[in-house]
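Below is one structure, written out as C-alpha cells, with a few remarks after it.
None of the values given here were measured: they were computed from a predicted structure. When a residue number appears, it is its place in the shown sequence, counting from 1.
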Amino acid sequence: MKHVHIIGAGLAGLSAAVELTRVGRSVTLYEAGPNAGGRCRSYFDRTLGARIDNGNHLLLSGNDAAMAFLETIGARDTLQGPGTAYFPFMDLGTGDRWTVEPGASVFPWWIFTRRVPGTRLRDYLALIRLRFAKSGASVEQAIGGTELYRRLLEPLAVSGLNTPADTALASLMWAVVEGSLLRGGLACVPLVPREGLSESFIDPAIAWLEERSGTVNVSSRVSALTIAEDRVTALHLPSGPVSVAPDEGVVLAVPPWVAADLVPGLVAPDAYEAIINVHFRLDAEPGRAGFVGLVGGIAEWIFIKPGIVSVTISAANRLLDVAVEDIATLVWADICKALRLDHAMPPVRVVREKRATFAATAANEKRRPQATIGLHHFAVAGDWTATGLPATIEGAIRSGRTAARALISA
C-alpha cells in the first residue's frame, strides 16, 4: 500500500505516521480535537498567564522508541536533564532527603555505596521477584513490605503504572525496571522538555510530516467506519465520508473507549485511572534535576519549570470527588516543605484527567489487543494496546511504530 489513513494525532498516531513516511508511504491524519498531541501537548492557560503542559512526563535516556522518534523528527536536543542518572527525593513525613544515582556501569555498584536511607542490600536483590511473580500478582504482593518499597519502588510503580501498587501488575513493573535500572545508569538519565511537550514531540513531528507531503487534519472527528469484506472501506467525518481504496491502509490510534465504539467486537481495556496535574504560577530554584520525587505526599513528583511549579498526582481516582481548592491546598503544603517555601499560595490551575490511562491491572492486561485484529490493511495503536509496557510515552510511540510495521509487512 502507498497511502495510509491514520485516525488520531496523539503520540501513537504521529509515531505511526512518521514510521510510514520514513519508508515511503504517504499519510493523512484525522484528529478529533482542535490540536494534535492528545495527552502530550502544551497550551496557554489564561488563569496562570503562562504556557503549560497538559501533563508532566519524565522520560529516561533508555526509552529507545521515544529517543528514536525524536531523532527522526530532529527534536532530540529539545530535551534537557542533569546529564547523569540523578533522582532527588524527599520523605515529607521525616524530612529526609537523598538522591538515587545509578552509575554508568550495568553492575549496580550504587546499591553498595549510595543506598536509599534505611534500606538493606537484600531489599534490592528482591527486585528479581518481579520477574518471577505469580501470574496476575500485584507490585505490592511481589515486593512490598520493605523500606526500599516505601521510599522508592512504590512511588515509581504508582507514577509509572498510574495504578495503586496493591493492584498494579507486577509484570508491567518488571518491564519498567528491566528497561531502566537493570540496564545501568546510562539508560536512566532523566529527561524533560526544555520548553514544553508540544515543542518537543508534537510540533516537530507535524512539521516533519508536512515537509514530506503528510496531511494533518484537526477538528476532523471520525464518527464511524464502514467495514465490508473484512476491511475498512470508508471513514465518516463531519464533512462527509472518505473512501478507503483496497490498496490503502488504516491505523486506528484513538483512546480505547473510542476504538471499541468504532470497531464492533474489539476487546480493549475498560477500567481507567485518573491523573491530576496541579500547576502553580511560581518561580523556584530548579536544582540540578529540575524535579523532586516525593514520599508520603499527595503527589509523586514536583516539576520546577521557568515560572511554573507543577505536580502530578497519579492513580488519582480517589480524589475525583475532592474539591479542586482542597487539592490545591494539600499540594501547596507539600511543595512548601519540599522547596522550603513559606509564602501564600500563588495562582493555581488544577487539571483532572478522569480517564488518563487504562488501569494497569491483571484484568485489563488481558484486554489489551495486538496491533492487528483481523481486518485487512488495518491496525490499532495506542499505549493501551499490547506493548508490554504500562501507559507511557514510550509505550505510545512503540505502539505506533508497531502498527506501521504491521501494515508495511502486510
Side-chain angles (χ1 to χ4, degrees), residues 10-11 33-59 78-81 88 90 92 155 158-160 162 190-203 273-287 289-294 297-357 391-393:
L11 269 183
N35 304 102
R39 291 186 291 108
C40 179
R41 59 184 175 83
S42 311
Y43 65 94
F44 184 82
D45 185 88
R46 294 183 179 179
T47 297
L48 299 179
R51 188 167 171 83
I52 62 174
D53 294 331
N54 68 336
N56 295 304
H57 296 274
L58 183 64
L59 287 96
T78 66
L79 301 184
Q80 65 181 7
M90 179 186 181
L92 293 168
V158 172
S159 59
N162 192 38
L191 297 163
V192 295
R194 181 175 291 107
E195 294 184 54
L197 291 169
S198 289
E199 288 81 358
S200 287
F201 288 93
I202 309 307
D203 298 343
E273 276 289 344
I275 289 177
I276 299 176
N277 291 286
V278 186
H279 309 275
F280 295 90
R281 192 72 168 96
L282 175 68
D283 284 302
E285 172 56 47
F291 61 87
V292 179
L294 300 181
I298 188 173
E300 291 75 44
W301 301 96
I302 300 175
F303 294 87
I304 304 103
K305 309 170 186 179
I308 296 289
V309 172
S310 297
V311 305
T312 295
I313 306 173
S314 301
N317 284 0
R318 69 193 189 281
L319 298 172
L320 288 179
D321 294 327
V322 177
V324 294
E325 296 82 1
D326 294 336
I327 293 173
T329 299
L330 291 170
V331 168
W332 180 243
D334 288 352
I335 288 177
C336 286
K337 288 182 181 179
L339 302 186
R340 298 185 175 96
L341 304 177
D342 61 1
H343 53 75
M345 185 191 304
V348 59
R349 166 71 74 185
V350 178
V351 181
R352 306 182 203 239
E353 295 180 81
K354 292 185 178 180
R355 293 189 288 189
T357 72
T392 58
I393 284 179

Validation row: Met90, Leu92 side chains within 4.5 angstrom (heavy atoms):
yes

Only counting residues at least two apart or in another chain, list the ones meeting salt bridge (Lys or Arg N to Asp or Glu O under 4.0 Å) with Asp334.
none

Take Ile313 and Leu319 through the side-chain contact (heavy atoms from CB on, under 4.5 Å) test and state the conclusion after the steps.
CA-CA 9 Å; Ile313 306 173; Leu319 298 172; 3.7 Å; yes

Report the residues that fulfil salt bridge (Lys or Arg N to Asp or Glu O under 4.0 Å) with Glu199, sequence neighbours left out, ordered by chain and then residue number.
Arg51

Determine whether Leu59 and Ile393 make a side-chain contact, defined as any pair of heavy atoms from C-beta on separated by less than 4.5 Å.
yes

Could you work out, with salt bridge (Lys or Arg N to Asp or Glu O under 4.0 Å) as the rule, every residue matching Arg352, not counting sequence neighbours?
none

If you define the side chain from C-beta out and look only at heavy atoms, does anything of Thr357 sit under 4.5 Å from Arg39?
yes

Atom pairs and distances, side-chain donor-acceptor, residues 323-333, under 3.5 Å, sequence neighbours left out:
| from | atom 1 | to | atom 2 | distance (Å) |
| --- | --- | --- | --- | --- |
| Thr329 | OG1 | Glu325 | O | 2.9 |
| Trp332 | NE1 | His343 | O | 3.3 |

So, does Asn54 use its side chain to make a donor-acceptor pair with the main chain of Ser42 at under 3.5 Å?
no

Filter on ring pair (Phe, Tyr, Trp, His ring centres under 6.0 Å), then keep only pairs touching residues 304-329, sequence neighbours left out; what's left?
none

Are any side-chain N or O atoms of Asn162 and backbone N or O atoms of Ser314, one a donor and one an acceptor, separated by less than 3.5 Å?
no

On a heavy-atom basis, the closest approach of Thr78 and Ser200 is OG1-OG, 2.8 Å

Passing option when Asn56 is tested against Lys305, His279, Glu300 for side-chain hydrogen bond (donor to acceptor under 3.5 Å, both in side chains):
Lys305

Contacts of type salt bridge (Lys or Arg N to Asp or Glu O under 4.0 Å), residue Arg349, not counting sequence neighbours
Asp45

Looking at Ala315, is its backbone amide N or carbonyl O close enough to the side chain of Arg318 to form a donor-acceptor pair, meaning the two atoms are under 3.5 Å apart?
yes

Evaluate side-chain hydrogen bond (donor to acceptor under 3.5 Å, both in side chains) for Thr312 paired with Asn277, printing each intermediate quantity in order.
CA-CA 5 Å; Thr312 295; Asn277 291 286; 2.9 Å; yes

